[in-house]
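Structure first, then comments.
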Amino acid sequence: MSTKNIDWSNLGFSYVKTDYRYVSNYKNGAWDDGALITDDMVKISECACVLQYSQSCFEGLKAYRTEDGRVVTFRPDLNAERMMDSAKRLEMPQFPKERFIDAIDQVVKANIDYVPPYGSGATLYIRPYMFGSDAIIGVKPANEYQFRAFVTPVGPYFKGGAKPVVVRIPDFDRAAPHGTGNIKAGLNYAMSLHPIMEAHREGFNENMYLDPATRTKVEETGGANIIFVTKDNEIVTPLSDSILPSVTRRSIMYIAEHYLGLKATQRVVYFDEVKDFAECGLCGTAAVISPVGKINDHGKEICFPSGMEKMGPVIQKLYDTLTGIQMGRIEAPEGWIHEIR
Ligand code: PLP
Ligand code: COI
């Protein structure tokens, strides 16, 4: 039961402090056993590598209450693997996959009363993260690290829930060629803060970034991958080395092919061809699938035929199938649903 006194249906995407968090420390070349703690404060050196040189990475996944009352997570093994890839690229020690899954299980179980009720529209967002914690002044990786995971109940990422959003083409880039765009490094988000605030000030929900080298290909937004639907109902998603390999997007491509019988293709998408698509959506753990109604390119608008009132029909089917699998209404492919016991 979700016993906490929270107005679940009116939650936005913001932090609510919960009772327990999981912590494991890395020192002298090894991770300790890890434990659940109640203190939400982190105490580290003023010269910690994370504070000076942004040595941090994180993950995002959710726990869902299913129709039949179970609490489950969605493909946590893929988040564990992606965090190992992020750690490797940032010269951090990897937190082992089995330990990652166990840490998530422990922190969700300890905060089980914060898992929102089935049908409330809210879910429990899980934020695992890792950072260099000891004092480093020359530019080099830390020797000591913390892996942590906390949870917070959340509602829709974009205000208005499933209403179409408007994105703009920014003058800034998200990720350099051969940079860190394909990992979940905190630094990618630090450099997106100014562009996102500028987008909001101009009245847009998000930035749709183009490839920095040529500014001709679609990449992703600050916090989600992008899917397009052609007029022939084919699902198309951009191919690029500097896009985060979204768990949601990979799942949607599978669902399109195996549940809905649609063709699903990952390929280079030129911005010039975007005007010809029938539907567009942003996909991610936080965004789920948020429909895009319009793209604003320096005052020039691309308006998708699906409009500004509701999701287009194909994105709606993908959304219903994905959330149906996550909430236990539709049978999941083998290994996608991980029950918290
Ligand atoms: N792209 C970026 C930049 C993100 O921050 C996220 C969020 O995690 C995603 C894509 C979506 O990834 P996932 O579906 O694994 O949450
Ligand atoms: C997620 O979807 O989990 C993310 O990390 C996106 C973030 C912008 C909230």
Side-chain angles (χ1 to χ4, degrees), residues 11-16 56-64 73-86 89 100 104 122-130 148-159 165 167 170 172-176 179-193 195-197 199-200 205-212 218-227 237-256 266 280-290 292 318-319 322-323 325-326 336 338:
L11 281 174
F13 198 87
S14 50
Y15 175 76
V16 173
S56 77
C57 60
F58 69 100
E59 271 304 321
L61 66 163
K62 283 174 172 172
Y64 308 85
T73 52
F74 183 70
R75 312 186 77 181
D77 51 322
L78 298 189
N79 295 93
E81 285 167 9
R82 193 170 63 188
M83 195 166 194
M84 292 174 81
D85 293 342
S86 299
R89 174 67 173 79
F100 179 101
I104 302 309
T123 48
L124 190 74
Y125 186 69
I126 308 162
R127 175 51 65 85
Y129 60 115
M130 197 201 288
R148 287 181 168 248
F150 66 80
V151 299
T152 184
V154 295
Y157 189 65
F158 293 108
K159 280 193 201 88
V165 297
V167 299
F172 299 98
D173 297 320
R174 191 190 87 89
T180 54
N182 61 340
I183 59 160
K184 213 159 164 59
L187 60 93
N188 293 339
Y189 299 81
M191 47 101 22
S192 77
L193 296 177
I196 190 74
M197 290 312 288
H200 289 168
N205 299 92
E206 250 287 12
N207 291 299
M208 180 177 275
Y209 291 99
L210 303 182
D211 74 297
V218 178
E219 297 238 297
E220 62 174 326
T221 66
N225 277 184
I226 302 170
I227 52 167
T237 194
L239 176 70
S240 157
D241 289 344
S242 46
I243 288 178
L244 191 77
S246 157
V247 174
T248 316
R249 186 254 301 156
R250 284 180 271 166
S251 305
I252 288 169
M253 299 303 273
Y254 184 92
I255 287 169
Q266 186 175 22
C280 174
L282 310 183
C283 59
T285 299
V288 192
I289 310 180
S290 301
V292 176
L318 290 168
Y319 179 92
L322 174 71
T323 54
I325 289 171
Q326 291 167 334
W336 279 26
H338 178 84

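Atoms within each ligand, like the ligands themselves, are counted from 1 in listed order. None of these values were measured; they are calculated from a predicted model.
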What are the distances between nitrogen or oxygen atoms of ligand 2 and protein nitrogen or oxygen atoms, counting only those under 3.5 Å?
from: ligand 2; atom 1: 2 (O); to: A286; atom 2: N; distance (Å): 2.8
from: ligand 2; atom 1: 3 (O); to: Y125; atom 2: OH; distance (Å): 2.6
from: ligand 2; atom 1: 5 (O); to: Y125; atom 2: OH; distance (Å): 3.2
from: ligand 2; atom 1: 5 (O); to: K184; atom 2: NZ; distance (Å): 2.7

Heavy-atom closest contact (P170 atom, M208 atom, distance)
CD-O, 3.1 Å
In terms of heavy-atom contacts, A63 and I126 come closest through N-CD1, 3.8 Å
Would you confirm whether R127, through its side chain, and E59, through its main-chain N or O, come within 3.5 Å as a donor-acceptor pair?
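Such a contact is found between R127 side chain and E59 backbone.
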Would you find a donor on one side and an acceptor on the other, under 3.5 Å apart, between the side chain of N188 and the backbone of I183?
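Yes.
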Could you list the residues that satisfy ring-ring contact (aromatic ring centres under 6.0 Å, His included) with F74, not counting sequence neighbours?
W336
Can you list the residues that meet the ring-ring contact (aromatic ring centres under 6.0 Å, His included) rule with F150, with sequence neighbours excluded?
Y15, Y129
More than 12 heavy atoms of other residues, nucleotides or ligands under 6.0 Å from OH of Y319: yes or no?
no
Spacing of OG1 belonging to T180 relative to CG belonging to L187, to within rounding of 0.5 Å:
4.5 Å
From I243 CD1 over to R249 CZ, what is the distance, rounded to the nearest 0.5 angstrom?
7.0 Å
Applying a heavy-atom distance cut-off of 4.0 Å, which protein residues contact ligand 1?
R82, R174, K184, Y189, E220, T221, G222, G223, A224, N225, L244, S246, V247, T248, C283, G284, T285
